[in-house]
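This is a predicted model, so every value here is computed, not measured. Residue numbers begin at 1 in each chain, while the letters A, B, ... track the order of the sequences. What you see below is based on every heavy atom in this structure, not just the backbone, and it leaves out hydrogens, waters and symmetry mates.
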2 protein chains.
Amino acid sequence: MDSAPPAAIMQGRRTRQVEATYDVVRAARDHPTAEQVHARVRRRIPQISLGTVYRNLQKLASAGRIRVVELGPGSTRFDGMLETHEHFVCEACGGITDLPASSRTPPNPAGLRRAGFAVTRHALTFYGRCPECQGMESPGARRACR
Amino acid sequence: MDSAPPAAIMQGRRTRQVEATYDVVRAARDHPTAEQVHARVRRRIPQISLGTVYRNLQKLASAGRIRVVELGPGSTRFDGMLETHEHFVCEACGGITDLPASSRTPPNPAGLRRAGFAVTRHALTFYGRCPECQGMESPGARRACR
DNA sequence: CTTTCTGCAAACTCTTTGCACTCGT
DNA sequence: ACGAGTGCAAAGAGTTTGCAGAAAG
């Protein structure tokens, strides 16, 4: 939410906090929320504040070092995987799975371009039930898959 | 966030508030936020509260009468268009445009199914600049497209 | 009449921000 | 040393919820 020109160019200072935050997100496979990142960074820098983590996550994201994932309600999640990929969200357990970029058929924005839209990127997300949540179909089941 | 079984079956009472909220969302073409819906419903029922609008939007959504659209940060948005379709989000003005379901090539979840995932739906969103925002490329421009 | 819904306001969650101090560079 | 970064705590948005009274079925 700022006026970052083309962005992804500035770097900022290399503080322990920024680097630790970066490392945590890059190492995570579970698309952690800001609070989860905070908890993990704390293992290395116990006194780091949540506000700093938020600030750094923002910085890292606008610098293109990590990605922000917006999937459904709840908190924003962060992703250290920079390559193009898609997501599967389990509606039972909330777990998010990374999927390699669509085997084929990249969405076709040709019509959009023709209509005057400049398309820079797209997001493709699938929703349903993960393998682990298939068995327990009980109408009230809300078990944890991860 | 409740235990709605397969959902979309319950109806609840037909109160003026619920129906007015429904009408507003169905008539809207701009994916309004809860507050915008509230403002519009108020033109018909001046004393309706924001809390009630939130409750009713939730009810309508879980009954399948309207759709919830999650696009980037900021508030949740609501969509009265029930048919399968995609979205284009302008990163300059924030405007959201409905797109008819991908001309062709519906994303291929075959691999997912084979891996044991039960896919029930998917969301495809494009990001970039809408035609109206193309001209004013000035590095600080943040005009309104709608 | 019974049950659900509404209005109001307080509570909550997630995220941002002001300020004084610290630490890269 | 200078200025960006940090910790803390308070402030902000957006959304949810408890309760007493209103209204639908």
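Near DNA chain D, meaning a heavy atom under 4.0 Å away, the residues from residues 40-51 of chain A are A/Q47, A/I48, A/S49.
Residue A/T52 is in base contact, counting any heavy-atom pair closer than 4.0 Å across all strands shown. At a threshold of 4.0 angstrom between heavy atoms, the contacts of A/T76 are confined to the sugar-phosphate backbone, with no base atom among them.
To the nearest angstrom, C1' of C/dT15 lies 11 Å from CG of A/L57. Between the NE2 atom of B/H38 and the P atom of C/dT6 there is a distance of 12 Å, given to the nearest Å. Distance A/Y22 OH to D/dG5 P: 17 Å, rounded to the nearest Å. For the pair A/E19 CD and C/dC23 C1', the interatomic distance rounds to 15 Å; values are reported in whole Å. Rounded to whole angstrom, the span from the CZ atom of B/F78 across to the P atom of D/dG14 amounts to 13 Å.
Nearest heavy-atom pair across B/V41 and B/T21 is CG2-CA, 3.8 Å.
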Does the protein touch nucleotides 18-25 of chain D at the base, only the backbone, or not at all? Give it as B, S and - per nucleotide, heavy atoms under 4.0 Å. B----BBS
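Looking at the side chain of A/S75, the nearest of the listed nucleotides D/dT15, D/dT6, C/dC14 is C/dC14.
Checking the phosphate oxygens (OP1, OP2) of C/dT4, no side-chain nitrogen or oxygen of B/K59 falls inside 4.0 Å. In terms of phosphate contacts, A/Y54 brings no side-chain nitrogen or oxygen within less than 4.0 Å of OP1 or OP2 of C/dT16. Distances shown here put every side-chain N or O of A/Q17 at or beyond 4.0 Å from the OP1 or OP2 atom of D/dG5.
Residues A/N56 and B/T33 each lie close to DNA chain D; by heavy-atom proximity, the contact nearer the 5' end of the strand is made by A/N56.
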Side-chain donor/acceptor pairs under 3.5 Å, residues 64-73 of chain A, sequence neighbours excluded:
| unit_1 | atom_1 | unit_2 | atom_2 | d |
| --- | --- | --- | --- | --- |
| A/R65 | NH2 | A/E19 | OE2 | 3.0 |
| A/R67 | NE | A/L82 | O | 3.1 |
| A/R67 | NH2 | A/L82 | O | 3.2 |

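Counting heavy atoms from C-beta on, the side chains of A/F126 and A/L99 come closer than 4.5 Å. In this structure the side chain of A/H38 never reaches within 4.5 angstrom of the side chain of A/V24, judged on heavy atoms. Taking 4.5 Å as the limit, some side-chain heavy atom of B/D23 sits within range of a side-chain heavy atom of B/R44. Considering only heavy atoms from C-beta on, B/E91 comes within 4.5 Å of A/T120 through its side chain.
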Could you walk me through whether A/D30 and A/R40 pass the salt bridge (charged side-chain N to carboxylate O under 4.0 Å, His left out) check? CA-CA 12 Å; A/D30 60 344; A/R40 294 173 202 180; 2.7 Å; yes
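At a threshold of 4.0 Å, the pair A/R29-A/D98 does not count as salt-bridged, since none of the basic side-chain nitrogens sits closer than that to a carboxylate oxygen.
A/L124 and B/V119 end up in the same hydrophobic cluster when Ile, Leu, Val, Met, Phe, Trp and Tyr side chains are linked at under 4.5 Å.
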